[in-house]
Amino acid sequence: MPRYRSPRGVPHGCTSSDPSGRRVRPRRGRRHPCAARGTDEPYCATHKCIALTFDDGPGPYAQTLLKTLSEYKAKATFFVIGTEVKKHPKLTAQIAKAGHEIGNHSWDASYLTELTYAQINKKIGDTQRLIQKTTGKAPKLFRAPGGLRNGGVEEITAKFGLIQVPGTTATKDYIKSYRHVDLLTTRALDVAGEGEVVLMHETVKETVQSMPEVLQTLTAEGYSFVTVSTLLEGQELTPGQVYPDRSGTETTTDVY
C-alpha cells in the first residue's frame, strides 16, 4: 500500500516512541527529535491544536460560519457533499480560498455500506473530480456519510489517495433534540481537547450560532484551530486507513 507524508512531515523514523513502540508527540515547549537535523517541526508539536470539522455543505449558513472563523483566525475542515458543491461552486471555492481544508463527503447522504462496489466508486470518484475542478485541488481527506465504512470504502478511498477521517468526537448536532444554541455550545466545549477532531454540521443553524462563544472560550484556553491535515503533520499516512489513529479508544461511531 502506497504511503505519503502530510505536508511538512518529519522523515520516517524521526519520531519519539514509548516502550511499546507507539509514536509519542513531544510535549509543548520541547524540541522535536528531528529539530537537530534541521527538519521542519510539525505545528501541533508545539501548539495546543484542535481540528473543527463541518459536514454536509456548502450550505445556507456557510457565509456566516466563514465570517466567524475569520474573526478568530481559525482554520477548519469542511467535508462537502458532491450535490451541494455542484449547486454552490463559488461558495466551495471561497471556502478553499479562505485557507480552510476541503474534504470529500461522498456525492450525497447515501450510506456507502448499502451500495455496490461500483456505486461507491462512482459517488466518491465523482465528488473527488468535482471538488478538484471547483477548487483546483484534489482532497486528501474522506468522511463516509453516517461514519459507515467497509472494505470497499477502504479500497476505493485508497485508490483515490484519500485517508479516512471519521472524527474523534462529536457535538451530536445531528440529533434534532440537541439543536439548541446553549446545548451545542456546552457540548462543543465539553468534547474539546488537544488533538481532537470534532464532528459538526454547517447545515445546522444552531451549530453555526454557537461558534462565536465556542471559539472565544477555546481561544482563551490556548487552543489553535487547525485543519485536519495540519493536525496530522509529521505522521506517515496510508491512504484508505483511518486517522487520527485511536485504536482501542472510543470514537464517533454513531450514525449521523
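Worth knowing before you read on, the calculation uses all heavy atoms, side chains too, and leaves out hydrogens, waters and symmetry mates.
Remark: side-chain polar atoms of Thr168 are paired, donor with acceptor, to backbone N or O of Val197 under 3.5 angstrom. Between the side chain of Glu233 and the backbone N or O of Tyr43 there is at least one donor-acceptor pair closer than 3.5 Å. With Lys48 contributing its side chain and Glu221 its backbone, the two residues share a donor-acceptor pair below 3.5 Å. For Glu84 (side chain) and Ile81 (main-chain N/O), no donor-acceptor pair under 3.5 Å exists by modelled atom type.
Ile50 is not connected to Leu199 by any chain of hydrophobic side-chain contacts under 4.5 Å among Ile, Leu, Val, Met, Phe, Trp and Tyr, and they are in different clusters. Ile95 is not connected to Phe142 by any chain of hydrophobic side-chain contacts under 4.5 Å among Ile, Leu, Val, Met, Phe, Trp and Tyr, and they are in different clusters. When hydrophobic clusters are built by joining Ile, Leu, Val, Met, Phe, Trp and Tyr residues whose side-chain heavy atoms come closer than 4.5 Å, directly or via intermediates, Val181 is not grouped with Leu183. Note on Leu130 and Val80: same hydrophobic cluster, where clusters join Ile, Leu, Val, Met, Phe, Trp and Tyr whose side-chain heavy atoms are under 4.5 Å apart, directly or indirectly. Hydrophobic clustering (ILVMFWY, side-chain heavy atoms < 4.5 Å, transitive): Ile102 and Val208 are in one cluster.
Closest approach of Thr53 and Val198 over heavy atoms only: OG1-O, 2.7 Å. The two residues Gly59 and Leu91 make their nearest non-hydrogen contact at O-CD2, 3.8 Å. Nearest heavy-atom pair across Lys123 and Ser106 is CB-OG, 3.5 Å. Glu202 and Leu65 make their closest contact through CB-CD2, 3.9 Å (heavy atoms, listed as atom of the first residue, atom of the second, distance). For the pair Glu154 and Gln164, the tightest heavy-atom approach, listed with the atom from each and the gap, is CA-NE2, 3.7 Å. Across all non-hydrogen atoms, the minimal contact from Tyr243 to Pro166 is O-CD, 4.1 Å.
How far OG1 of Thr186 is from NE2 of His180: 12.0 Å, rounded to the nearest 0.5 Å. Between the CG atom of Asp245 and the CD1 atom of Ile163 there is a distance of 11.0 Å, given to the nearest 0.5 Å. Interatomic distance, OG1 of Thr127 versus CZ of Phe160, reported as 9.5 Å (0.5 Å rounding). Within the model, atoms CG of Leu52 and OG1 of Thr77 stand 8.5 Å from one another, a figure rounded to the nearest 0.5 Å. Note that the CG atom of Leu184 and the CE atom of Met200 stand 9.5 Å from one another [nearest 0.5 Å]. A distance of 5.0 Å separates CD1 of Ile120 from CD1 of Ile156, quoted to the nearest 0.5 Å.
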Original post:
Could you walk me through whether Trp107 and Lys86 pass the side-chain contact (heavy atoms from CB on, under 4.5 Å) check?
Top reply: CA-CA 10 Å; Trp107 187 255; Lys86 187 175 181 179; 4.3 Å; yes

Original post:
Can you check side-chain contact (heavy atoms from CB on, under 4.5 Å) on Lys90 and Gln94, steps first, answer last?
Top reply: CA-CA 6 Å; Lys90 291 183 179 179; Gln94 181 184 350; over 6 Å; no

**OP:** Before giving the answer on side-chain contact (heavy atoms from CB on, under 4.5 Å), spell out for Leu148 and Leu112 the whole-Å C-alpha distance, their side-chain angles and the decisive distance to 0.1 Å.
**Re:** CA-CA 7 Å; Leu148 301 177; Leu112 299 180; over 6 Å; no

Subject >> Asp55 vs Arg143, side-chain contact (heavy atoms from CB on, under 4.5 Å): CA-CA, chis, key distance, verdict >> reply: CA-CA 9 Å; Asp55 290 5; Arg143 175 173 288 164; 2.7 Å; yes

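Asp182 CG: 12 or fewer foreign heavy atoms inside a 6.0 Å radius. Shown here is Lys159, whose NZ atom has more than 12 heavy atoms of other residues, nucleotides or ligands within 6.0 Å. For Glu213, the CD atom is loosely surrounded, since the number of other residues' heavy atoms within 6.0 Å does not exceed 12.
Side-chain atoms of Ser210 and Arg187 form no donor-acceptor pair, as typed in the model, at a separation below 3.5 Å. Judged purely by distance below 3.5 Å, without hydrogens or angles, the side chains of Glu101 and Ser229 pair a donor atom with an acceptor atom.
Side-chain contact between Gln128 and Leu162 is present, with heavy atoms from C-beta onward closer than 4.5 Å. In this structure, Phe54 and His100 have side chains that are not in contact, with every pair of non-hydrogen atoms separated by 4.5 Å or more. Arg179 is listed as a side-chain neighbour of Val204, based on a closest heavy-atom distance under 4.5 Å. Between Leu232 and Pro244, the closest side-chain pair of non-hydrogen atoms falls below 4.5 Å. Considering only heavy atoms from C-beta on, Leu66 comes within 4.5 Å of Phe78 through its side chain.
Tested against Thr207 for a side-chain hydrogen bond (donor to acceptor under 3.5 Å, both in side chains), the candidates Thr185, Asp173, Thr171 yield a single pass: Asp173.
Ring geometry for His201 versus Tyr174: interplanar angle over 60°, hence perpendicular rather than tilted (30 to 60°).
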